[in-house]
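Take a look at the structure set out below.
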Amino acid sequence: MEFTDDQIIERTLAGETDAFSLLVRRWERPIYGLSLRMLGRDEDARDVCQETFLAAFRNLGKFRGDAKFSSWLYRIALNACHSRLRKQGAVAEQSIDHEDGDGRKFEIADDGLEGLPERLQRDQRAEMVRKALYALPAEMRQVIIMKEYEELTFAEIAEILQIPVSTVKSRLYTGLQQMGARLEKMRGLL
Amino acid sequence: MNSEKNGNSCERKEDLVTYLYGEAPATERASFESHLDYCDACRNELTAFGRVRRDLGAWQLGQVARPEIVLRRSRFDLLRELVGMFPVWVRGAAFIGAAAAVLLVSLSIAGTRISLKDGDFAVSFGRTGNGAAPAPAVSSEEINRMVQNAVAEERGKMEGLYSARLASFKDRLDADHQAELRAARAEHQAELRAARAEQQAQFRVVRAALQQEMRRFNRQNTSAGIRAFFSRDDSSDSWGDGR
């Protein structure tokens, strides 16, 4: 039997603290994906993931059931990402052009059966997307990430960001326009 | 016709985005599709956004090792949990004991005198008005001693109880931590093994393809009367094995 998020929260708040690990298992990958695409570095994304779940665990008693747990969690993660971005200041684009501190390349999907030329081409495209996305202002980037990769609805994104749905749509529209322009420019340089 | 070279001046930008992501209800969708029949700007924008979305789809996360989440608890959390382990009556008794001790100390500080003479019980605070103190049944020093004894006794009991609980709690935490570490290590090793196996499989596929290509090339050359370009027969493994 699969427990709902709310049931797990109830169990955790009733003293069964280990139950919280079920929530971690369920949500760690989406939160990691969001953080990775927001920050551009694996190490930072893992830190944000850790911070997010720790903050959620400590503040679970304050969680009001009027919003979805996932929305609350996404909000905590985005706040952590923004706080990290602010600390980093205006991050130069070059900071994500290289391997991270552990020498790990940025994670890109690896489909075993794909031919090498196709894979190279796709990796190149992914790299281009990553750079174009990272060059966007954070408020547009987060909307694109939540819509495209997390596949959230406009209403869910609006709830997470606590902004009107129309604002979500206009940010997405502008973000896609800017992404398109940047990608075209990059293709021209190839 | 509504088109611009740079950007879209059409008012239906939000509708366009809603339509693009398939969130428009049937009526709105139909309405927007009719709009697309005559609005070049929206049609072009829709095509361009479709291209951007395909590009965005190229960046998918691969097999990423699970981020290890460790829920470190603050000292306050641990203390709260520790206190929570005691039954309510123990916590109640401790509270009453502490309150009684505080009351006795306060009475002592206020110079309270308690007398019991000829069956009459009397309590007085501070000095008496005429300076003649009533015969003290229990002196201030005795009260202090009683209070100290009571506090020491209570403290001893609670310390013993808490030490035992703390020791067992620490053991449990250590055991939990070790178990978590072992599980994380095992999981990590399994992921590494899986990744390595997958990589080997890929190499085998690539090697087989290349060998097949070599054979085909050699066959072509042989049939055309040209000496085999690849001198090694595919039976001699020039790639080494073990990959």
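Both backbone and side-chain heavy atoms feed into the values below; hydrogens, waters and symmetry mates do not. Every chain is numbered from 1, with letters handed out A, B, ... down the list of sequences.
Contact annotation for A:Ile31: neither backbone nor side-chain heavy atoms come within less than 4.5 Å of a heavy atom of chain B. If you measure heavy-atom distances from A:Glu184 to chain B, the contacts under 4.5 Å come from the side chain alone. Interface remark: A:Thr153 contributes backbone and side-chain atoms alike to the contact with chain B (heavy atom separation under 4.5 Å).
Note that CZ of A:Arg125 is 14.5 Å distant from CH2 of B:Trp59, once rounded to the nearest 0.5 Å. Distance CG/A:Leu172 to OH/B:Tyr21: 4.5 Å, rounded to 0.5 Å. To the nearest 0.5 Å, the span separating NZ on A:Lys169 from CG on B:Asp15 amounts to 7.0 Å. Summarising the geometry, atom CE belonging to A:Met128 is positioned 5.5 Å from atom CG belonging to B:Asp55; distances are rounded to the nearest 0.5 Å.
Side chains of A:Lys147 and B:Glu23 form a contact here, defined as non-hydrogen atoms less than 4.5 Å apart. A:Leu176 is listed as a side-chain neighbour of B:Leu20, based on a closest heavy-atom distance under 4.5 Å. Side-chain atoms of B:Leu56 and A:Tyr149, non-hydrogen and from C-beta on, do get closer than 4.5 Å to each other.
Considering only heavy-atom pairs separated by less than 4.5 Å from chain B, the leading option among A:Val129, A:Val168, A:Asp47 is A:Val129. When the candidates A:Ser166, A:Ala181, A:Ser170 are compared by the number of heavy-atom contacts under 4.5 Å with chain B, A:Ser166 comes out ahead.
Nearest approach of A:Ala126 to B:Ala58, heavy atoms of both residues: CB-O, 3.5 Å.
Along residues 75-83 of chain A, no residue comes nearer than 4.5 angstrom to chain B, judged on non-hydrogen atoms.
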